[in-house]
Amino acid sequence: MRALVQRVQNASVEVEQKVVGSIGPGLLVFLGVTHSDSQEDITYLSKKIAQIRLFADEQGMMNRSVLDTQGDVLVVSQFTLYGSTKKGNRPSFVDAAPGPIAQKLYQDFVAQLEIMLEKTIATGVFGADMQVKLVNDGPVTLMIDTHQKN
């Protein structure tokens with residue numbers, strides 16, 4: 001599982017010109033799922049995102065998590081995180097899990113994160129053509145890959 005995590009002042013996602021998810025200060029998470037992902041990956045990634053310290057404390061140091069700040073989270077499915085550009089100019093997405101498998105893991109990830117943060121998580125619409133708007137704060141952007149924990 002891969003997550004591109006951005007600290008944002010605000011973010012929203014639209015489908016067919018209708019806002020389906022929006023947040024204030026917090027984290028925008030683009031989530032990609034691969035064939036070998038499991039509940040273990042969901043547990044690891046949801047805990048990492050809930051606890052990673054990307055928000056400033058009183059001294060301006062990144063010492064607070066989204067859990068500490070009670071910030072919002074928006075999760076958007078993003079199969080292109082598993083795109084490969086090794087050959088030619090057209091990306092290959094063979095490493096991305098098929099839709100039905102990815103959708104289940106995406107939904108399970110959102111549910112796990114809601115439990116960890118004790119709040120509703122905003123989402124996009126799985127498999128839809130989405131327009132994402134955001135104001136990146138910092139900018140702060142990290143890639144987390146559950147298959148590269150060490």
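Just so we're clear, the structure is a prediction, and the values are computed from it rather than from any experiment.
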Spell out, yes or no, whether [X] and [Y] are grouped together once hydrophobic residues are joined by side-chain heavy atoms under 4.5 Å, including indirect joins.
X: Y44; Y: L4; value: no
X: I101; Y: L81; value: no
X: L67; Y: V8; value: no
X: L105; Y: L113; value: yes
X: V110; Y: V76; value: no

*Is the shortest distance from a Lys or Arg side-chain nitrogen in R2 or D145 to a carboxylate oxygen in the other one below 4.0 Å?*
yes
_Pairs meeting criterion ring-ring contact (aromatic ring centres under 6.0 Å, His included) with involvement of residues 52-76, two or more places apart_ =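 Listed once each, the pairs would be none.
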Got a list of side-chain donor-acceptor pairs under 3.5 Å for residues 116-126, not counting sequence neighbours?
unit_1	atom_1	unit_2	atom_2	d
K119	NZ	Q70	O	2.9
K119	NZ	G71	O	2.9
K119	NZ	D72	OD1	3.3

For [X] and [Y], work out which heavy atoms get closest and say how close.
X: S77; Y: G127; value: OG-N, 3.9 Å
X: Q59; Y: D57; value: N-OD1, 2.9 Å
X: Q112; Y: S46; value: CG-OG, 3.0 Å
X: I49; Y: V66; value: O-CG1, 3.7 Å
X: V75; Y: V73; value: CG2-CG1, 3.9 Å
X: M62; Y: V140; value: SD-CG2, 4.2 Å

Hey, can you pull the donor-acceptor pairs under 3.5 Å for the side chains in residues 11-23, sequence neighbours left out?
unit_1	atom_1	unit_2	atom_2	d
E14	OE2	K133	NZ	3.1

Roughly how far, to the nearest 0.5 Å, is [atom2] of [Y] from [atom1] of [X]?
X: T85; Y: K87; atom1: OG1; atom2: NZ; result: 12.5 Å
X: R7; Y: T69; atom1: CZ; atom2: OG1; result: 10.0 Å
X: N63; Y: R53; atom1: CG; atom2: CZ; result: 5.0 Å
X: S65; Y: Q51; atom1: OG; atom2: CD; result: 7.0 Å
X: Q107; Y: I42; atom1: CD; atom2: CD1; result: 10.5 Å

*Apply the test side-chain contact (heavy atoms from CB on, under 4.5 Å) to residues E40 and T43: give CA-CA distance (whole Å), side-chain angles for both, the deciding distance (0.1 Å), then the verdict.*
CA-CA 5 Å; E40 181 181 323; T43 301; 5.8 Å; no
*Is there side-chain contact between N10 and V135, with heavy atoms separated by less than 4.5 Å?*
yes
_Suppose clustering is done on Ile, Leu, Val, Met, Phe, Trp and Tyr with side-chain heavy atoms closer than 4.5 Å. Which residues sit in the same group as F93?_
F79
_Under the side-chain contact (heavy atoms from CB on, under 4.5 Å) test, residues paired with D41 that sit two or more places apart_ =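 Expected list: M1, D37, S38, T146, H147.
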Distance-only criterion, 3.5 Å: show the donor-acceptor pairs between side-chain atoms of residues 25-36 and protein atoms not counting sequence neighbours.
unit_1	atom_1	unit_2	atom_2	d
T34	OG1	D95	O	2.4
H35	NE2	V94	O	2.7
H35	NE2	A96	O	3.3

*Would you sort out whether V5 and L54 count as a side-chain contact (heavy atoms from CB on, under 4.5 Å), showing the intermediate values?*
CA-CA 10 Å; V5 180; L54 297 178; 4.2 Å; yes
*Are the side chain of T80 and the backbone of G83 linked by a donor-acceptor contact shorter than 3.5 Å?*
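No, the answer is negative, given that no donor and acceptor are paired below the 3.5 Å cut-off.
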